[in-house]
Amino acid sequence: MTQTTLVDIKGLATRFGSHEVHKNLDLTVIRGERLALVGGSGCGKSVLLSEIALLQEADEGEIKLFGLPVTELTTGQMAGLRKKIGMMFQQGALFSSLTVLENIMLSIREHQSLPDSLLEELAMLKLRLTGLPDLAAWKYPQELSGGMLKRAAVARALALDPGLLLLDEPTAGLDPAGASAFDEMLLELHATLDLTLILVTHDLDSLWRVTDQVAFLGEKRVLAKLPMDDLSAHEHPEIQHYFANTRARRAAIKMESEE
Amino acid sequence: MDKDTQTPPAIHQDDAGILLAGDWDTRYLKELVRLINDVRLDKSHSISASLGQMDTNGALQLLKLIGPSPDAWPKGLTPDQTRLLELVAARSGDTPEPEPSLNWLADLGKRTVESAGHGQELLNFFGRLSALVLRLFRHPGELKIKMVLDVLQKDGLHAVPIIALLAFLLGAVIAYQGGLQLATYGANIFIVELVSLTLLRELSPLICAIIVAGRSGSAYAAQLATMQMNQEILALKSLGQDPYAWLILPKLIGLMLVMPLLTILSMAAGIGGGMLVASLQLELSPIEFIQRFGSSVDVIHFWVGLIKAPVFALLIVNVGCMQGLLAKGGAEEVGRRTTRSVVQSIFLVIIADAIFSILFAQLGW
């Protein structure tokens, strides 16, 4: 398989008033990558993610998604592109007036008119792919626990089988066992579904376990995009500072002893 | 593999065998469903596949065609596709039944119990509030003066323009409609009694209550419902604070103070409107109007109207806050509770007004 670039960002700048978040930021994501965006709080990880998700426009620079420059899209192309991108929001952002199954069915139903029984079947498949128990289907989001909510959010993002899945802090707020089960689920989905993952995370265990590339955001740009092993040994002081603490070391040691 | 190539799915059947081709993915879901419904596979033939794209939605359709057992799967699947099929086969299955809905009798019972529960909650709420007010007499320092002032400003001062305008128009309309009738009898001067009595006794307190219920009661319900959902009310409790003292008592005291003032304002504005129409239409000068007003309208009518105001305020705050606190669930619930708070408070205000009318009639006021 030839390498396809799914996300190609060049010279990106984002400003909020006079506050500059990104300046001259470059990032490429190859199809099939499992990329994490890391960096200190307020360095613009989530902003970058929502720019890739077509939810926010950059002030300068070019973003190409699936080879299409986002500033020159027609409405139809934009809608088509959005179907190829799934986004999981940090708090799940499931529609609270719909059941989990209806949440997942919503985008499939709008995509093509299909009989209800088929819609339910497709949605149930997504639900099971994310490891949710069957009985979660008819529950409302507010009746789910934090871990189930996040899985349901992934199931909704996967409804139209997107090629690119964006996750904002997927394991934040989960207990260690739940977080690790969530990581395994992501890996399983990635292995079978031809997915490209981009996740924003602070969870060092996830960084070691899930990702094959990590992009470090600092000084308003991507300081380095490397596999975790190389990144943690990077000599840039900001990256050193991020990983040079006991929590990071413990996660690294744990990974090495497991391997 | 480029995702944008367009090769619709197809099933070719001939004597040599069956060939599945094309992209089996989400883009062609509808075609796939039609294809699978139309095609009868001849099981005696061998099936082979030469598929382009396949995703989970397409794989599920393919499984319907070829069955879940890997022995029957066509030749020519790539390893990736086989893996995807295996995963989907393992995870697909029937949709579980939703919980059965209740029959009408059980539903009626459930609703009755729920309504009784609401009645109990209302009593509970009222009891807690009364206890808090009593406590306030002993410890006046616990009142959150700043929050009361906030209510005075937001629900009192900021409501002045709208209440003044609407009451003025109301007064003008009554004078205009009444004036037409009175003029035919040459009883122009009685316009003063007509406008003053209807406004002072009934319409001013009522229009005030309706506007305040729409403006402030709904805002209370929405605020408390949102706070309830964000667990802010639980957070207050956990900090050792009484949420009623923070959120409800200031509203109650603030609105009970400000509502009579707004009612006086609407009385003045309404009579002003009536006066204007009287001078334009019935040639009754404002001086004559005021003289007549002073001599023939008893002050008791003013008190009758004014005494209703704090009662209406009590009802509006109670309904708005209780609806807000009862909210459970999501965004839709906030809207539902807000609507309900407005409908219920206006309903209760009008019922209270009717009770007042009977009471005052008995008293001969």
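A, B, ... follow the sequence lines: proteins, then strands. Residue 1 opens every chain.
Both the backbone and the side chain of Leu122(A) come within less than 4.5 Å of a heavy atom of chain B. When heavy atoms are compared at a cutoff of 4.5 Å, Ala191(A) approaches chain B solely by way of its backbone atoms N, CA, C and O. In this structure, no portion of Leu127(A) lies under 4.5 Å from any heavy atom of chain B. Heavy atoms of Leu118(A) lying under 4.5 Å from chain B belong exclusively to its side chain. Of the atoms belonging to Lys83(A), not a single heavy atom falls under 4.5 Å from chain B. If you measure heavy-atom distances from Val33(B) to chain A, the contacts under 4.5 Å come from the side chain alone. Contacts of Gln61(B) with chain A are made by side-chain atoms alone, with heavy-atom separations under 4.5 Å and no backbone atom involved. When heavy atoms are compared at a cutoff of 4.5 Å, Ile108(A) approaches chain B solely by way of its side chain, counted from C-beta outward. When heavy atoms are compared at a cutoff of 4.5 Å, Leu29(B) approaches chain A by way of both its backbone and its side chain.
Listed for the Arg34(A) side chain is no donor-acceptor partner under 3.5 Å among the backbone atoms of Leu197(A). At distances below 3.5 Å, not a single donor-acceptor pair connects side-chain atoms of Asp168(A) with backbone N or O atoms of Val200(A). When atom types are taken as modelled, the side chain of Lys150(A) and the backbone of Glu169(A) share a donor-acceptor pair closer than 3.5 angstrom. Within the 3.5 Å criterion, the main-chain N or O of Tyr140(A) finds a donor-acceptor partner in the side chain of Glu143(A). Using modelled atom types, no side-chain atom of Gln223(B) and backbone atom of Tyr220(B) make a donor-acceptor pair closer than 3.5 Å.
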Identify each donor-acceptor pair in which a side-chain atom of residues 179-189 of chain A lies under 3.5 Å from a protein atom, sequence neighbours left out, and give them as a table.
residue: Asp183(A); atom: OD1; partner: Ser206(A); partner atom: OG; Å: 3.1
residue: Asp183(A); atom: OD2; partner: Ser206(A); partner atom: OG; Å: 3.0
residue: Glu184(A); atom: OE1; partner: Arg209(A); partner atom: NH2; Å: 3.1
residue: Glu184(A); atom: OE2; partner: Arg209(A); partner atom: NE; Å: 2.7
residue: Glu184(A); atom: OE2; partner: Arg209(A); partner atom: NH2; Å: 3.4
residue: Glu188(A); atom: OE1; partner: Arg91(B); partner atom: NH2; Å: 3.4
residue: Glu188(A); atom: OE2; partner: Arg91(B); partner atom: NH2; Å: 2.9

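Taking the side chain as every heavy atom from C-beta outward, Asn103(A) and Pro141(A) approach each other to under 4.5 Å.
In terms of non-hydrogen atom pairs under 4.5 Å with chain A, the most contact-rich of Lys30(B), Arg83(B), Glu332(B) is Lys30(B). In terms of heavy-atom pairs under 4.5 Å with chain B, the best-connected choice from Ser96(A), Ala137(A), Ala159(A) is Ser96(A). Of the listed residues (Val88(B), Leu60(B), Asp80(B)), the one with the most heavy-atom contacts under 4.5 Å to chain A is Leu60(B).
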key: Derivation of the side chain to side chain contact (heavy atoms under 4.5 Å, CB included) call for Lys225(A) and Leu27(A)   = CA-CA 8 Å; Lys225(A) 184 193 166 206; Leu27(A) 178 71; 4.0 Å; yes
request  = Using the side chain to side chain contact (heavy atoms under 4.5 Å, CB included) rule, take Gln77(A) and Val70(A) through it: C-alpha gap first, then chi angles, then the decisive distance, then the call.
outcome  = CA-CA 9 Å; Gln77(A) 279 175 321; Val70(A) 296; over 6 Å; no
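Of all residues in residues 45-56 of chain A, none places a non-hydrogen atom less than 4.5 angstrom from a non-hydrogen atom of chain B.
For the residue pair Thr56(B) and Asp161(A), a side-chain donor N or O sits within less than 3.5 Å of a side-chain acceptor on the partner.
Counting non-hydrogen atoms of neighbouring residues, nucleotides and ligands closer than 6.0 angstrom, the NZ atom of Lys154(B) reaches no more than 12 such neighbours. Residue-environment remark: CD (Glu114(B)) exceeds the threshold of 12 foreign heavy atoms within 6.0 Å.
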